[in-house]
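Basis for what follows: all heavy atoms, side chains included, without hydrogens, waters or symmetry-related copies.
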Amino acid sequence: MGKIKKILIANRGEIAVRIIRAIREMELSPVVVYSDADELSLAVKLSDEAYHIGESQSSKSYLVMDKIIDVAKKSNADAIHPGYGFLAENAEFAKRVEAEGIIFIGPSPEAIINMGSKTLSRDIMKKAGIPVVPGMVDAITDMKDLEKTAEEIGYPVLLKASAGGGGKGMRRVNKKEDLEKSFKLSSSEALSSFGDAAVYVEKFIEEPHHIEIQVLADKYGNTVHLGERECSVQRRYQKIIEETPSPFINDDIRDKMGAIAIQAAKAVNYSNAGTVEFIVDKNFNFYFLEMNTRLQVEHPITEMVTGIDLVKEQILIAEGHKLSFTQEDIKPRGSSIECRIYAEDPFNNFAPSPGRIIEYVPPAGGIGVRDDSGVYEGFEVPVHYDPLISKLVTWGRDRTEAINRMKRALFEYRIAGINTSIPYFLQILENEEFLSGNYTTNLIERIESKKVELSEENELVALFASGIREMNGKMSECSGTNSGENGKSWKLHGRMKNLRRF
Ligand code: ADP
């Protein structure tokens, strides 16, 4: 395996910036590709070389393998880092990259295939003695089979797309009468989202926790885990806040989950960084959900408590190095939490809020705060991609310190021109159930079903945000990018002045 000197990043946004940082610190050279919409992106500005690969639509740029491989060859890149999303879990891409003699920074194409389908991976895991959620192993081909399995495992059940991701095609079914209709809906959603109509059924676990284990494996079979991430703060099956350690599990369960995650990775000869996701019931029974064969959005919280840079480890592993530490060397310290800052409007059903950022002061100052951002003041957030613009991460000696630090950082975060999810987080961070640590994936549903009282300080932040939002509305009325909304009063500005520190 050759020495890596130059790495092409086949991605955009915050994760491209994150990867550039690791590459620079290793004294290597980052190359980026960009679409029309990303010509002025932060990643382009921070790279050594940047190549235009097409129109803004990802199917004409970031998803076109030929274009990316061409740039890798043209720029003499030794390796490609795919980030997450786009081509990161595309086995054909990994195969083609390697066929060109370029190192793919990720697992083997075989491991991607084996873990890429929920049904296939369930089958492999079951055979390896790993607990999976009770249900079918193969996709549904016959209504009778589906009815029989649903009866056996007991209602409620969950229909899921085999090729699933992002909660698409997932449907809870409470009774037999709804089964056929739900199956048809899931199947057509699966077809339109993934080009594959295959759906299977598993037991719906009530009030579950989503807890995942970070794994690192080199090419010589050395596999370690870096502890867990609690990802139960979800909206429509999508994570929005993650924390580590999980306040729900104890050391005994943690060790067991870690050992099973390693076993799962070994069952597919996994190498590089990967994440084994589990669903955990109230009695601490845990079941394999899926393995993500790539870097996870929420990886920074693991880095904060372990001190290990996961992207650097990915590069070293891909270059053929052995892991430089053992399981015993990994001693997580303190607590870390991440809020995913989206360009969307929490006051308007989370509608996307693209547009120009006219003021941007991230709160990356002070002890224990990390802002993994892909934007800057003046940047125009494109409509074409995932609206994640930044990940705000804090570390504390314990959970309370990490949470309070997050509240402080959110309080300082200044962003205008677009709407963001910042005010929404404050409701969660002050919620009693969240603060108790014993919350499940139903938390957000419960929060949204009742009006939440915020503390005075956070009420101010929320007011401030809604003032900015109103201002954004007024501005976009002029520029025609955002839809303005009336109603909220400018008298808030009087109170907002309290927050103007600059
Ligand atoms: P996707 O790949 O579409 O994101 P996952 O299998 O990772 O789907 O599940 C996403 C989320 O859906 C989980 O974090 C959890 O909240 C919920 N979920 C998945 N399977 C179950 C289940 N069997 N019972 C209850 N909730 C589930």
Side-chain angles (χ1 to χ4, degrees), residues 207 209-214 226-235 239-255 257 280 282 284 297-308 330-341 362-372 390-413 421-444 446-448 450 452-462 464-465 499 501:
E207 294 285 346
H209 288 253
H210 173 122
I211 300 176
E212 58 187 31
I213 305 282
Q214 176 69 54
L226 279 76
E228 82 283 7
R229 293 183 287 257
E230 170 73 67
C231 307
S232 301
V233 183
Q234 298 183 354
R235 202 169 176 275
K239 303 162 188 168
I240 50 178
I241 295 182
E242 303 91 357
E243 62 174 319
T244 187
S246 162
F248 178 62
I249 59 171
N250 60 27
D251 284 346
D252 182 40
I253 305 287
R254 179 169 291 122
D255 289 347
M257 289 178 80
V280 187
K282 59 178 187 297
F284 301 101
V297 174
E298 58 274 21
H299 76 277
I301 58 173
T302 299
E303 297 182 325
M304 296 294 264
V305 296
T306 60
I308 293 170
I330 298 164
K331 295 194 175 67
R333 200 176 138 256
S335 184
S336 183
I337 179 166
E338 171 184 276
C339 287
R340 299 185 181 197
I341 316 272
I367 186 169
V369 180
R370 166 174 172 178
D371 180 47
D372 271 28
S390 151
K391 296 170 335 198
L392 189 57
V393 183
T394 59
W395 177 89
R397 285 165 302 168
D398 56 26
R399 183 170 189 257
T400 306
E401 191 172 52
I403 291 173
N404 287 344
R405 201 162 268 161
M406 178 58 78
K407 290 203 295 196
R408 183 272 284 176
L410 287 167
F411 181 80
E412 288 176 7
Y413 213 128
S421 44
I422 291 173
Y424 186 73
F425 292 123
L426 297 166
Q427 299 188 12
I428 302 167
L429 297 177
E430 294 212 331
N431 176 271
E432 258 173 49
E433 189 182 334
F434 174 76
L435 291 172
S436 77
N438 189 6
Y439 59 89
T440 66
T441 59
N442 306 64
L443 173 74
I444 292 298
R446 278 195 280 271
I447 290 180
E448 290 191 354
K450 61 175 187 249
V452 183
E453 301 292 330
L454 290 175
S455 72
E456 196 171 340
E457 183 179 89
N458 284 338
E459 196 187 336
L460 280 171
V461 178
F464 179 64
L499 288 166
R501 302 271 157 90

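Residue Arg446 places its CZ atom among more than 12 non-hydrogen atoms of other residues, nucleotides or ligands, all under 6.0 Å distant.
Annotation: side chain of Phe284 is not in contact with side chain of Lys282 (no heavy-atom distance under 4.5 Å). Residues Val369 and Leu392 meet the side-chain proximity criterion, which asks for heavy atoms closer than 4.5 Å. Counting only heavy atoms from C-beta outward, the side chains of Gln427 and Phe434 never approach each other to under 4.5 Å. Looking at heavy atoms from C-beta onward, Asn438 lies in side-chain contact with His209 at the 4.5 angstrom threshold. When side chains are defined from C-beta on, Arg333 counts as touching Trp395, because their heavy atoms get closer than 4.5 Å. For the pair Ser232/Thr440, no side-chain contact is recorded, criterion being any heavy-atom separation below 4.5 Å from C-beta on. You'll find the side chain of Ile341 reaches within 4.5 Å of the side chain of Leu410, heavy atoms only. With contacts defined as side-chain heavy-atom distances shorter than 4.5 Å, the pair Met257/Ile253 qualifies.
Taken from CG in Leu226 to NE2 in His299, the straight-line distance is 12.0 Å, to the nearest 0.5 Å. Atom CZ of Phe425 sits about 14.5 Å away from atom NZ of Lys407, to the nearest 0.5 Å. Rounded to the nearest 0.5 Å, atoms CG (Leu443) and CD1 (Ile240) are 8.5 Å apart. To the nearest 0.5 Å, atoms CZ (Arg399) and CG (Asn404) are separated by 10.5 Å. Put simply, CD1 on Ile301 and CD1 on Ile337 are 8.0 Å apart, with the number rounded to the nearest 0.5 Å. Atoms CD and OG1, from Glu230 and Thr244 in turn, are 9.5 Å apart once rounded to the nearest 0.5 Å.
Residues passing the ring pair (Phe, Tyr, Trp, His ring centres under 6.0 Å) test with Tyr424 are Phe350, sequence neighbours excluded. With sequence neighbours excluded, no residue forms a ring pair (Phe, Tyr, Trp, His ring centres under 6.0 Å) with His210.
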* Take Arg370 and Asp372 through the test side chain to side chain contact (heavy atoms under 4.5 Å, CB included) and record every step on the way to the result. => CA-CA 6 Å; Arg370 166 174 172 178; Asp372 271 28; 2.8 Å; yes

* **Test log, rule side chain to side chain contact (heavy atoms under 4.5 Å, CB included), inputs Ile403 and Leu435** => CA-CA 9 Å; Ile403 291 173; Leu435 291 172; 4.2 Å; yes

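Counting only distance, with no hydrogens or angles, the side chain of Glu401 and the backbone of Arg397 share a donor-acceptor pair below 3.5 Å. When atom types are taken as modelled, the side chain of Glu298 and the backbone of Cys231 share no donor-acceptor pair closer than 3.5 angstrom. With hydrogens and angles disregarded, a donor-acceptor distance shorter than 3.5 Å links the side chain of Thr394 to the backbone of Ala402.
Neither side chain, Ser335 nor Asp398, offers a donor N or O lying under 3.5 Å from an acceptor on the other.
In this structure, Arg254 forms no cation-pi arrangement with Phe248, as its terminal cationic atom is not both closer than 6.0 Å to the ring centre and no more than 45° off the ring axis.
Each of Lys391, Arg229, Arg340 was checked for a side chain to side chain donor-acceptor pair (under 3.5 Å) with Glu242, and the lone residue meeting it is Arg340.
With respect to Glu338 and Lys239, no salt bridge is recorded, no charged nitrogen being found less than 4.0 Å from a carboxylate O.
Scanning all heavy atoms of the two residues, the minimum distance from Pro247 to Gly437 falls at CG-O, 3.4 Å.
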